[in-house]
Engineer: 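One structure follows; several queries about it will come next.
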Amino acid sequence: MLIATWNVNSIKSRIDLATRWLQEARPDLVCLQEIKCVDEAFPRAEIEALGYNVAVHGQKSYNGVAILSRAPIEDVVMRLPGDDADEHARYVEVVVSTDRGAVRVGCIYLPNGNPAPGPKYDYKLGWMERLRRHAAERLALEEAFVLAGDFNVIPAPKDAKRPDAWVDDALFLPETRAAWRRLIALGLTDALRAADENGGVYTFWDYQAGAWQKDHGIRIDHLLLSPQAADRLLAVRVDRHVRSWERPSDHVPVVIELAA
DNA sequence: ATGGCGCATACGATGCGA
């Protein structure tokens, strides 16, 4: 099965692009971030017409996540535990059934955290600690579990074309990468890193400064796999050609293939 | 070397992103 993650930067502005990509790539399950609309405004009909079930956790103007799945969606979770005062729509999790058993998928839009230091950076680090605790709970279930989304973390210098441009940025600060390593250390596999140790593979290019034309990209969209999911990993790819389509998102889809 | 964009809201200008 094909599982993808894609920060679309507004699903309403991107619906034609999104349906074009869905028809081309034919993924079985897609985690979307930054849909930037309330649940009622999500273009559900256009997506369902392509054969997908939809779980939406929307928010006005900002954030918002959704999961699209060809298989029926079971057991939806709409929030990341650990802070009842957190109103941002940044987490949705589902379980779907496959021929090889159930797969649990968490879709995250991890806070950007800039400017750092400051309250936004504190929020990011707090969110990452909540995510670590939640991931630990899910790993204890010993299921096939995929944690996918826009992590807003550049894991290593080789994940940026110009790492020196990011040294003071919330996406790349030492504390951010340390929190990332604590997450990985639970026993999660970074799917793209497992498939390619070399680096130079990016998932985001800023709209500004000709970043795309110069390939000034960063890798911040990730799929992390539990051991039971990693055992089934067959392939990983980044659909970077989508960045050259008309009116693109600044992120592109990342896709993994799991056995059966 | 520098600066360069795009979205939502609202209809001008600001917040936000990365």
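To find a chain, count down the sequence lines: A is the first, B the second, and so on, and within it residues start at 1.
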Engineer: With sugar-phosphate meaning primed atoms plus P, OP1 and OP2, does Asn152(A) contact a base, only sugar-phosphate, or nothing at under 4.0 Å between heavy atoms?
Structural biologist: sugar-phosphate

Engineer: Just call it for His251(A): base, sugar-phosphate, or nothing, with non-hydrogen atoms closer than 4.0 Å on any strand.
Structural biologist: sugar-phosphate

Engineer: Quick one: name the residues clustered hydrophobically with Val77(A), using the 4.5 Å side-chain heavy-atom rule over I, L, V, M, F, W, Y, and just say none if it's on its own.
Structural biologist: none

Engineer: Rounded to whole angstrom units, what separation is found between the CD atom of Gln213(A) and the C1' atom of dG3(B)?
Structural biologist: 14 Å

Engineer: Say we look at dG3(B) and dC7(B): how far apart would their P atoms be, to the nearest angstrom?
Structural biologist: 23 Å

Engineer: Mind checking if Asn63(A) touches a base, just sugar-phosphate, or nothing, with heavy atoms under 4.0 Å?
Structural biologist: nothing

Engineer: If you look at every strand shown and take non-hydrogen atoms under 4.0 Å, does Tyr109(A) touch a base, only sugar-phosphate, or nothing?
Structural biologist: sugar-phosphate

Engineer: Measure from CG on Asn112(A) to P on dC7(B) and round the result to the nearest Å.
Structural biologist: 18 Å

Engineer: Enumerate donor-acceptor pairs with a distance under 3.5 Å from any side-chain N or O in residues 171-181 of chain A to protein atoms, sequence neighbours excluded.
Structural biologist:
unit_1	atom_1	unit_2	atom_2	d
Thr176(A)	OG1	Tyr121(A)	OH	2.6
Thr176(A)	OG1	Ala170(A)	O	2.7
Arg177(A)	NE	Phe172(A)	O	2.9
Arg177(A)	NH2	Phe172(A)	O	3.4

Engineer: Side chain of Ser13(A), heavy atoms from C-beta onward: which of dG4(B), dC7(B), dA18(B) has the nearest atom to it?
Structural biologist: dC7(B)

Engineer: Taking the same atom, P, in dA8(B) and in dG4(B), what whole-Å distance lies between them?
Structural biologist: 22 Å

Engineer: Looking at residues at least two apart in the chain, or sitting in another chain, which of them share a side-chain contact (heavy atoms from CB on, under 4.5 Å) with Arg232(A)?
Structural biologist: Thr98(A), Arg100(A), Val103(A), Ala144(A), Leu258(A), Ala259(A)

Engineer: Expressed in angstrom and rounded to an integer, what is the separation of Leu110(A) atom CG from dA18(B) atom C1'?
Structural biologist: 13 Å

Engineer: Quick one: Gln208(A) CD to dC5(B) P, roughly how many Å, whole number?
Structural biologist: 7 Å

Engineer: Determine whether Arg20(A) and Glu246(A) make a side-chain contact, defined as any pair of heavy atoms from C-beta on separated by less than 4.5 Å.
Structural biologist: no

Engineer: Write down the distance between CH2 (Trp166(A)) and C1' (dA18(B)), rounded to a whole number of angstrom.
Structural biologist: 5 Å

Engineer: Rounded to the Å, how far apart are Ile218(A) CD1 and dA18(B) C1'?
Structural biologist: 6 Å

Engineer: What heavy-atom pair brings Gln208(A) and Asp206(A) nearest, and what distance separates the two atoms?
Structural biologist: N-OD1, 2.7 Å

Engineer: Which nucleotide wins on minimum distance to the side chain of Arg14(A), given the candidates dT9(B), dA18(B), dC7(B)?
Structural biologist: dC7(B)

Engineer: If you count every heavy atom of other residues, nucleotides or ligands that lies below 6.0 Å from Asp168(A) atom CG, does the total exceed 12?
Structural biologist: no

Engineer: Rounding to a whole Å, what distance do you find between Phe151(A):CZ and dA18(B):C1'?
Structural biologist: 16 Å

Engineer: Name the residue closer to the 5' end of DNA chain B, choosing between Asp206(A) and Lys12(A) according to the nucleotide with the nearest heavy atom.
Structural biologist: Lys12(A)

Engineer: Determine the contact category for Asp169(A): base if any of its heavy atoms lies under 4.0 Å from a base atom, sugar-phosphate if only primed atoms, P, OP1 or OP2 are that close, otherwise nothing.
Structural biologist: nothing

Engineer: Can you give each donor-acceptor pair under 3.5 Å made by side-chain atoms of residues 49-59 of chain A, sequence neighbours left out, with the distance rounded to 0.1 Å?
Structural biologist:
unit_1	atom_1	unit_2	atom_2	d
Tyr52(A)	OH	Pro27(A)	O	2.7
Tyr52(A)	OH	Arg70(A)	NH2	3.2
Asn53(A)	ND2	Ser69(A)	O	3.1
Asn53(A)	ND2	Arg70(A)	O	3.2
Asn53(A)	ND2	Ala71(A)	O	3.3
His57(A)	ND1	Met78(A)	O	2.7
His57(A)	ND1	Tyr91(A)	O	3.1
Gln59(A)	OE1	Asn63(A)	ND2	3.3
Gln59(A)	OE1	Ala89(A)	N	2.7

Engineer: Of all residues at least two apart in sequence or in a different chain, which pass the ring pair (Phe, Tyr, Trp, His ring centres under 6.0 Å) check with His216(A)?
Structural biologist: none

Engineer: If you measure from the C1' atom in dC5(B) to the same atom in dA18(B), how many Å do you get, rounded?
Structural biologist: 12 Å

Engineer: Using the P atom on both, measure dA10(B) against dG6(B) and round to a whole Å.
Structural biologist: 22 Å

Engineer: Which nucleotides of nucleotides 11-16 of chain B have their base under 4.0 Å from a protein heavy atom (B), which only their sugar-phosphate (S), and which neither (-), written as one string 5' to 3'?
Structural biologist: ----BS

Engineer: Toward the 5' end of DNA chain B, which comes first, Arg162(A) or Asn7(A), by nearest nucleotide?
Structural biologist: Arg162(A)

